[in-house]
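Structure first, then comments.
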Amino acid sequence: MLKISNIRIPAEKGLSYLPEACRIILRLPGLPDDAVRPLRVSVDSRRKGDVHFVCSAAVRAENEEEILARKTPGVAPYSEKVWSFPYKVTKPDTRPVVCGMGPAGLFAALSLAEAGAPPVILERGRKTEKRCLDVEKYWETGELDEDSNVQFGEGGAGTFSDGKLNTGVNDERIPYVLRRLVQFGAPEDISYSAKPHVGTDMLRRVVAEIRRHLLELGCDIRFENKLTGIYTENGELRAVKVSSPEGEYRLDCEKLLLAPGNSARDTFRMLHDSGVYLEPKPFAVGVRIEHLQEDIDLAQYGRAATLGTLPASDYKLAVHTKEGRGVFTFCVCPGGKVVAAASERGGVVTNGMSEKARAERNINGGLLVSVTPEDFDGLFGGMEFQEKLEKAAFLAGGGNGCAPAQLLGDFLSGRASAAAGKVKPSYKPGVRFCDLGDVLPDFICRAISEALPEMDRKIRGFASPEAVLTAVETRSSCPVRIKRDESFQANIRGIFPCGEGGGWAGGITSSAVDGIKAAEKICGSMMKGDRK
Ligand SMILES: Cc1cc2nc3c(=O)[nH]c(=O)nc-3n(C[C@H](O)[C@H](O)[C@H](O)COP(=O)(O)OP(=O)(O)OC[C@H]3O[C@@H](n4cnc5c(N)ncnc54)[C@H](O)[C@@H]3O)c2cc1C
């Protein structure tokens, strides 16, 4: 196999030109299309007059040695490195328990089951099919189910998302995670795109496929079963307490993989009360900002935006304010919607979601300000701050699930908005225009106001007066971390915190990777027969 790097394809030609580009580079006019496989594809739009794809590709050719002897720049031998889960174990007498079916819990359960130790899986929410109905109802009526919503239920927090899979971490397990997702029905392009994204429509089907596979492997999946307590002896886990529709029960458990996500506030409080060590950590809060997709495309791609060959554009912006706060865009959803993502009644939380096609009129992104444990008192000070903001947003939205919103121009001038301009807010059940200065603390408003003009210098039109700000975005990351040591165990031995809720990952892919790593530690400890 050969690898060709740095293949530049002009935007006008489109990505379908890749096989032809390989034929030209290798001087192989007869090379069939299916001998070419993209390895990485990104869009370079730094020069608006010369927007192009930058690709690398694997190529299968008959005379590879001869081709390599020509020493064509960018052409090299290629062999694929494939990571696989490194353990096989004997089925233990007491099954491991996985708490949470988000990316961390799902990939941990998959790893444990395939290694020979199919776990009991506790998930407080419902299975995807039912969960979708609960979420739709909330978006239509404002009536929230506190255990089945955008945060809780099969697939975890990212199920109603854009399904972006890029991550800041670098780990050999990432291609494995992407490959497994493709196996379960995700689009093939996630394995080579520099900015892979599944889309909520496809992600829901992938999650259901993973569930079917877990059941075939002998996992015992218990929906609407919430972890509510732990039983310990001499600092070691002995059992867990579970609340279910049939009542509360005790389940023997020596190894608990704890992946409850960043919104499980009751679970964090229960763990703390049970003697598990937690610590506060930095996180961020802010608003969703919404623009017309065509305006951002024009700013990012110039005239190439109208060619129809480029993906919906996105952005990534960060500013450091004079007061020392980071203001940054987060979880940008091109061609998507702002979604209601609360998990507690009496609160409003915003986030973003797109389908695979990213074909909606608006693009939205989190516009967040960093906060640190020094901003608050106590272990749960950050969590209480989130709760307070969510309640303030609920009241400012009118107390019926609608979110408070303001036009960006009015936000910068400090006056309440009355109605939308050219950007129609996508949040359902709806928004109530107001002055977000009445919802957000001054230091957050100051930081956003200082950052917006700076961001506008990087993307023209980003601070357009008609852009819509919808509040509040509070759940971008976890305000606490469950402490763990190098064996991935908490101070109570047998508890393996992982994923975003453990405070050890952020985002779908890094949470999945962390879940796999925790499963490796569990299998390793099973093989040693100890808990060290
Ligand atoms: C709307 C939205 C859009 C997002 N978009 C993206 C994106 O595009 N890309 C990206 O990388 N990230 C995105 N994220 C973030 C991403 O979803 C999370 O980082 C990721 O899901 C964290 O994975 P996790 O497995 O650690 O936790 P979660 O996915 O939060 O899963 C935790 C699970 O545990 C369950 N649970 C909690 N407590 C208990 C308990 N006591 N007992 C039993 N079960 C329990 C919950 O119901 C939940 O299903 C988005 C999040 C949201 C809300």
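Just so you know, these numbers use all the heavy atoms, side chains as well, and skip hydrogens, waters and symmetry mates. Numbers here simply count residues along the sequence, with the first being 1. Start at 1 and go down the list; that is how both ligands and their atoms are numbered.
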Hey, is atom 36 (N) of ligand 1 touched by any protein heavy atom at less than 4.0 Å?
yes
Quick check: Gly155 and ligand 1, any N/O pair under 3.5 Å apart?
no
Heavy atoms of other groups near Lys281 NZ, more than 12 under 6.0 Å:
yes
Can Glu224 and Arg124 be said to form a salt bridge (Lys or Arg N to Asp or Glu O under 4.0 Å), step by step?
CA-CA 4 Å; Glu224 297 177 66; Arg124 72 196 294 164; over 6 Å; no
Which part of Ala264 is near ligand 1, with near meaning a heavy atom under 4.0 Å away: side chain, backbone, both or neither?
side chain
When you measure from the heavy atoms of Asn225 to every atom of ligand 1, does any distance fall below 4.0 Å?
yes
Regarding Asp189 and Lys356, does a basic nitrogen lie under 4.0 Å from an acidic carboxylate oxygen?
yes
Relative to the heavy atoms of Gly261, which atoms of ligand 1 are at a distance of less than 4.0 Å?
27 (O), 28 (P), 30 (O), 32 (C)
Using a strict cut-off of 4.0 Å, indicate which atoms of ligand 1 neighbour a heavy atom of Phe160.
1 (C), 2 (C), 3 (C)
Report the part of Ser161 (side chain from C-beta onward, or backbone N, CA, C, O) that has a heavy atom under 4.0 Å from ligand 1; answer both or neither where that applies.
both
With only distance considered, is Gly158 within less than 3.5 Å of ligand 1 through an N or O on each side?
yes
Would you please test Asp220 and Arg222 for salt bridge (Lys or Arg N to Asp or Glu O under 4.0 Å) and show each step?
CA-CA 6 Å; Asp220 175 355; Arg222 304 183 187 183; 2.7 Å; yes
Excluding sequence neighbours, so at least two apart, what forms ring pair (Phe, Tyr, Trp, His ring centres under 6.0 Å) with Tyr192?
none
Gly163 neighbourhood, listing ligand 1 atoms whose heavy-atom distance to it stays under 4.0 Å:
8 (O)
Six-ring centre of Phe496, Arg484 cation under 6.0 angstrom, axis tolerance 45°:
no
Could an N or O of ligand 1 be found under 3.5 Å from any N or O of Ile508, whether backbone or side chain?
yes
Report yes if some N/O of Thr267 lies less than 3.5 Å from some N/O of ligand 1; otherwise report no.
yes
Any idea which protein heavy atom is nearest atom 31 (O) of ligand 1, and the distance to it?
Gly102 CA, 3.4 Å
Can a non-hydrogen atom of Lys226 be found less than 4.0 Å from any atom of ligand 1?
yes
Using a plain distance cutoff, I'd like to know if Gly507 has any nitrogen or oxygen under 3.5 Å from a nitrogen or oxygen of ligand 1.
yes
Near Ala104, which atoms of ligand 1 are under 4.0 Å from a heavy atom of that residue?
25 (O), 26 (O)
Decide whether Ser343 and Arg475 meet the rule of one side-chain donor and one side-chain acceptor closer than 3.5 Å.
yes
As a quick check of understanding, evaluate salt bridge (Lys or Arg N to Asp or Glu O under 4.0 Å) for Glu387 and Arg269, giving each step before the final call.
CA-CA 14 Å; Glu387 286 168 333; Arg269 290 191 167 108; 3.3 Å; yes
Across all chains, not counting sequence neighbours, the salt bridge (charged side-chain N to carboxylate O under 4.0 Å, His left out) partners of Arg211 are Glu129, Glu154
Top protein contact for atom 53 (C) of ligand 1, by heavy-atom distance:
Ala157 O, 3.3 Å
N/O of Val150 under 3.5 Å from N/O of ligand 1, yes or no?
no
In the protein, which heavy atom is nearest to atom 34 (O) of ligand 1, and how far is it?
Gly100 CA, 3.1 Å
Should the pair Glu520-Lys517 be classified as a salt bridge under the 4.0 Å nitrogen-to-oxygen rule?
no
Going by atom types only, do Gln293 and Arg358 share a side-chain donor-acceptor pair under 3.5 Å?
no
Provide the number and element of each atom of ligand 1 under 4.0 Å from a heavy atom of Ala259.
32 (C), 33 (C), 34 (O)
Does Ala341 come within less than 4.0 Å of ligand 1, judged by its heavy atoms?
no
Between Leu227 and ligand 1, find which residue part has any heavy-atom pair under 4.0 Å and reply side chain, backbone, both or neither.
both
Counting each atom of ligand 1 from 1 as listed, which ones have a heavy atom of Gly153 under 4.0 Å away?
47 (O), 49 (O)
Lys458, NZ: over 12 other non-hydrogen atoms inside 6.0 angstrom:
yes
Can you say whether the rings of Phe376 and Phe385 are parallel (under 30°), tilted (30 to 60°) or perpendicular (over 60°)?
tilted
Provide, to 0.1 Å, the distance between atom 22 (C) of ligand 1 and the closest protein heavy atom, together with that atom's residue and name.
Ser511 OG, 3.3 Å
Any N or O on Glu500 sitting closer than 3.5 Å to an N or O of ligand 1?
yes
Give the single entry among Pro103, Gly156, Cys333 that approaches atom 21 (O) of ligand 1 most closely by any heavy atom.
Pro103
Just jot down the ligand 1 atoms closer than 4.0 angstrom to any heavy atom of Gly499, in number order.
26 (O)
For Leu165 and ligand 1, does the shortest N/O to N/O distance drop below 3.5 Å?
no
of all protein heavy atoms, closest to atom 47 (O) of ligand 1 is Glu123 OE2, 2.5 Å
Strictly distance-based, threshold 3.5 Å: is any side-chain N or O of His291 a donor or acceptor partner for the main-chain N or O of Asn364?
no
Close-contact set for ligand 1 against Gln151 heavy atoms, below 4.0 Å:
48 (C), 53 (C)
Would one find more than 12 heavy atoms of other residues, nucleotides or ligands at under 6.0 Å from atom CZ of Phe433?
yes
Specify side chain, backbone, both or neither for Pro260, according to which of its non-hydrogen atoms lie closer than 4.0 Å to ligand 1.
both
Does atom CZ of Arg179 have more than 12 heavy-atom neighbours from other groups under 6.0 Å away?
yes
Donor-acceptor pair, Glu143 side chain versus Tyr138 backbone, under 3.5 Å?
no
So is Arg124 polar-close to ligand 1, meaning N/O to N/O under 3.5 Å?
yes
Report, as yes or no, whether the 6.0 Å neighbourhood of atom NZ on Lys337 holds more than 12 heavy atoms from other residues, nucleotides or ligands.
no
Counting only nitrogen or oxygen atoms and a 3.5 angstrom limit, does Lys164 reach ligand 1?
yes
